[in-house]
Peer 1: 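Please read through the structure below; I'll follow up with questions.
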Amino acid sequence: MDILAIAALCIVTAIIARTIQPTNQDVAIVITIAGVAAVALSIIGTISDVLYEINSLASISDVNNSYISIVFRVLGICYVCEVSSSCCRDCGESALASIIDIAGRVAVSVICLPLIKSFIEAVESILELA
């Protein structure tokens, strides 16, 4: 499914849900959830293709597998935090959304510590050569 079809589906779903919401809020929520599920199912195949390509590029190159693992975990954290904080903002809970954003940043920082350590070690080894 291409991005134009996804955008059109989301816009149509939002219009239908907003139109129905004043008279039947429960049906509007079900329509919104159905739209989200349809889009999520349509992008799962694309995500698996991207992950496969990244893995194949990593296997061809001499990049350490732990670095690729860190990248995947960081991407996962970013996606989960973005979706969950957007849901909280949509529900009017901006404080919860903000704390999800902060928790995501802290989690990414913790996961990236091995990369920072490797970077510092590389800089130290370069400075010792000079």
Peer 1: Where do Leu113 and Lys117 land on the side chain to side chain contact (heavy atoms under 4.5 Å, CB included) test, with the steps shown first?
Peer 2: CA-CA 6 Å; Leu113 286 176; Lys117 180 181 175 186; over 6 Å; no

Peer 1: Can you see which heavy atom on Ala17 is nearest to which on Ala28, and at what distance?
Peer 2: O-CB, 3.4 Å

Peer 1: Please round to the nearest 0.5 Å and tell me the distance separating atom CD1 of Ile16 and atom CD1 of Ile11.
Peer 2: 12.0 Å

Peer 1: Which atom names give the shortest non-hydrogen contact between Cys81 and Gly104, and what distance separates them?
Peer 2: SG-CA, 3.4 Å

Peer 1: Below 4.5 Å, heavy atoms only, C-beta onward: do Val71 and Leu75 meet side chain to side chain?
Peer 2: yes

Peer 1: Would you say the side chains of Glu82 and Ser86 form a donor-acceptor pair under 3.5 Å?
Peer 2: yes

Peer 1: Under 4.5 Å between side-chain heavy atoms, hopping through other hydrophobics if needed: is there a path connecting Val36 to Val12?
Peer 2: no

Peer 1: Quick one, Pro114 and Tyr67 - any side-chain contact, counting heavy atoms below 4.5 Å?
Peer 2: no

Peer 1: Taking all non-hydrogen atoms of both residues into account, name the closest pair between Ala97 and Ser85 and its distance.
Peer 2: CB-O, 3.3 Å

Peer 1: Between CG of Asp101 and SG of Cys78, what distance do you get to the nearest 0.5 Å?
Peer 2: 10.5 Å

Peer 1: Quick one: closest heavy-atom pair of Ile100 and Cys88, and the distance?
Peer 2: CD1-SG, 3.7 Å

Peer 1: If I take atom CD1 from residue Ile70 and atom SG from residue Cys112, how far apart are they, to the nearest 0.5 angstrom?
Peer 2: 6.5 Å

Peer 1: Output the distance between atom CG (Asp2) and atom OG1 (Thr46), rounded to the nearest 0.5 Å.
Peer 2: 10.0 Å

Peer 1: Given the rule in the side chain to side chain contact (heavy atoms under 4.5 Å, CB included) test, do Val30 and Asp26 qualify, once you have shown the distances and angles that lead to the verdict?
Peer 2: CA-CA 6 Å; Val30 170; Asp26 294 337; 5.7 Å; no

Peer 1: Test of understanding: clusters of I, L, V, M, F, W, Y form through side-chain heavy atoms closer than 4.5 Å, transitively. Do Leu51 and Ile111 belong to the same one?
Peer 2: yes

Peer 1: Which heavy-atom pair separates Pro22 from Thr19 by the least distance, and what is that distance?
Peer 2: CD-O, 3.4 Å

Peer 1: Ile47 and Val80: same hydrophobic cluster, using ILVMFWY side-chain contacts below 4.5 Å?
Peer 2: no

Peer 1: Return the CD1 to CD distance between Ile29 and Gln25, rounded to the nearest 0.5 Å.
Peer 2: 5.0 Å

Peer 1: Rounded to the nearest 0.5 Å, how far apart are CD1 of Ile68 and OG of Ser59?
Peer 2: 9.5 Å

Peer 1: Taking all non-hydrogen atoms of both residues into account, name the closest pair between Cys10 and Val39 and its distance.
Peer 2: SG-CG2, 3.8 Å

Peer 1: Evaluate the side chain to side chain contact (heavy atoms under 4.5 Å, CB included) criterion for residues Arg18 and Thr13: first the C-alpha distance (whole Å), next the side-chain angles of each, then the deciding distance (0.1 Å), finally the verdict.
Peer 2: CA-CA 9 Å; Arg18 288 291 179 190; Thr13 302; over 6 Å; no

Peer 1: Treat each ILVMFWY residue as a node, draw an edge where side-chain heavy atoms are under 4.5 Å apart, and state whether Ile54 and Leu115 are in one component.
Peer 2: yes

Peer 1: State plainly whether one hydrophobic cluster holds both Val108 and Val106, where clusters connect Ile, Leu, Val, Met, Phe, Trp and Tyr through side-chain heavy atoms under 4.5 angstrom apart.
Peer 2: no

Peer 1: Is Tyr79 atom OH crowded by more than 12 heavy atoms from other residues, nucleotides or ligands, each under 6.0 Å away?
Peer 2: no

